[in-house]
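See below for the structure under consideration.
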Amino acid sequence: MTDVIIIGSGPAGLTAAIYARRAGFSVLVIEKAPMSGGQIVNTGEVDNYPGLQGINGFEMGMKFREHAEYAGAVFAEGMVQEIRSGDDGKEVVTERETYQTRAVIIAAGAAYAGLGVPGEEALKGHGVSYCATCDGAFFRGRVTAVVGGGDVAVEDAIVLSRFCTRVYVIHRRDSLRAAKALQQKLFSLPGVEMVWDSVVERIDGKGQVESIHVRNQKNGEVQDIPVDGVFIAVGLKPLSSAFSSLVSTDQNGYIEAGEDCRTSCPGIFAAGDIRTKKLRQVVTAVADGANAVAGVEEYLMSGE
Ligand code: NAP
């Protein structure tokens with residue numbers, strides 16, 4: 001019987017692991033792939049984490065992990081299928097094993113959402129990508145488009161501008177949601193062209209992306225823009241389906257929990273991007289990791 005099982009090894013899960021070990025608990029972190037590290041490992045540069053200005057996301061993820069390992073957290077690989085809650089604790093069921101624990105912190109994060117337009121699925125890996133840091137270098141000397149107006153879309157466009165002759169940013173409104181500092185950087189880049197008020201209705205190509213069919217939502221005009229790659233950055237979807245029968249989720253699938261990370265099921269806590277919250281950043285994920293462990297301590301001491 002482990003004191004705490006943490007599901008996910010992004011910034012929230014790894015912080016929870018460090019805090020739980022320091023609180024004297026035995027800790028098992030279950031991650032879907034070895035060194036998975038969460039979304040942060042696919043981020044080129046993190047420029048808003050205090051004290052680590054401009055750090056590479058992969059390096060940051062590895063530093064967090066090393067710290068959790070140093071603190072004594074144990075790691076296991078597995079995809080969690082279900083959590084069962086009983087009188088004697090919880091069972092966490094993966095495709096390989098069933099683990100017994102006294103409390104669970106769900107820090108499984110979120111994954112990229114898709115557009116759901118014709119061509120997207122068929123051309124995935126053939127010009128359609130969700131990660132410029134991972135795939136941008138394949139498009140050296142080519143023309144690409146980024147879809148979205150948030151931090152990820154703008155960061156992707158900045159990364160792609162280093163490789164590509166032209167980068168279109170297709171956004172459905174006339175202003176970006178991304179942080180102002182990122183916007184300033186984007187607008188200063190010569191090879192970037194904004195396509196405002198527009199949505200991608202179709203991705204075309206025979207075996208490889210060749211163009212995108214774009215509609216201007218204000219005047220109804222349509223155009224086919226020739227591109228070699230499309231990077232889709234239209235937000236996140238929480239990876240909560242394995243838990244939604246046990247804990248309450250909102251209409252978008254995020255696990256309902258406040259700052260204390262308590263879910264609707266006693267002894268189960270939600271931390272990081274998977275939790276209902278306003279601001280999904282590394283710093284807020286890290287804060288959740290600490291708060292969730294404070295909740296676990298209270299829960300285990302009260303014998304709820
Ligand atoms: P996001 O902030 O939710 O932005 C998603 C963007 O996609 C929005 O501009 C949205 O348009 C657009 N969009 C959504 N659905 C669409 C659709 N079906 N068709 C076309 N456009 C669509 O998501 P994100 O950029 O992936 O970022 C996720 C979270 O991670 C955010 O909280 C972000 O702040 C955080 N993040 C932080 C950092 C950092 O701290 N350095 C870096 C990366 C990400 P509207 O604007 O019209 O809604």
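We count ligands from 1, going down the list as the structure has it; atoms in each ligand are counted the same way. Note that these values count all heavy atoms, side chains included, but never hydrogens, waters or copies made by symmetry.
Protein residues are said to neighbour a ligand when one of their heavy atoms lies under 4.0 Å from it; for ligand 1 these are Asn48, Leu115, Gly148, Gly149, Gly150, Asp151, Val152, Glu155, His171, Arg172, Arg173, Arg177, Ala233, Val234, Gly235, Leu236, Arg280, Gln281.
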Q: Let me see the working for Ile55 and Tyr49 under side chain to side chain contact (heavy atoms under 4.5 Å, CB included), right down to the final yes or no.
A: CA-CA 9 Å; Ile55 189 170; Tyr49 193 88; 5.5 Å; no

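A centroid separation of 6.0 Å or more is found between the aromatic rings of Phe163 and Phe138.
Figure legend: Arg102 and Tyr299 shown without cation-pi pairing, the cationic atom not lying both under 6.0 angstrom from the six-membered ring centre and within 45 degrees of its axis.
Below 30°, between 30° and 60°, or above 60°: for His171 and Trp196 the angle between ring planes is above 60°, a perpendicular geometry.
At a cut-off of 3.5 Å, with distance as the only test, no side-chain donor of Glu45 or Asn56 sits close to an acceptor on the other residue. No hydrogens or angles considered: nothing links the side chains of Lys90 and Thr101 as a donor-acceptor pair under 3.5 Å.
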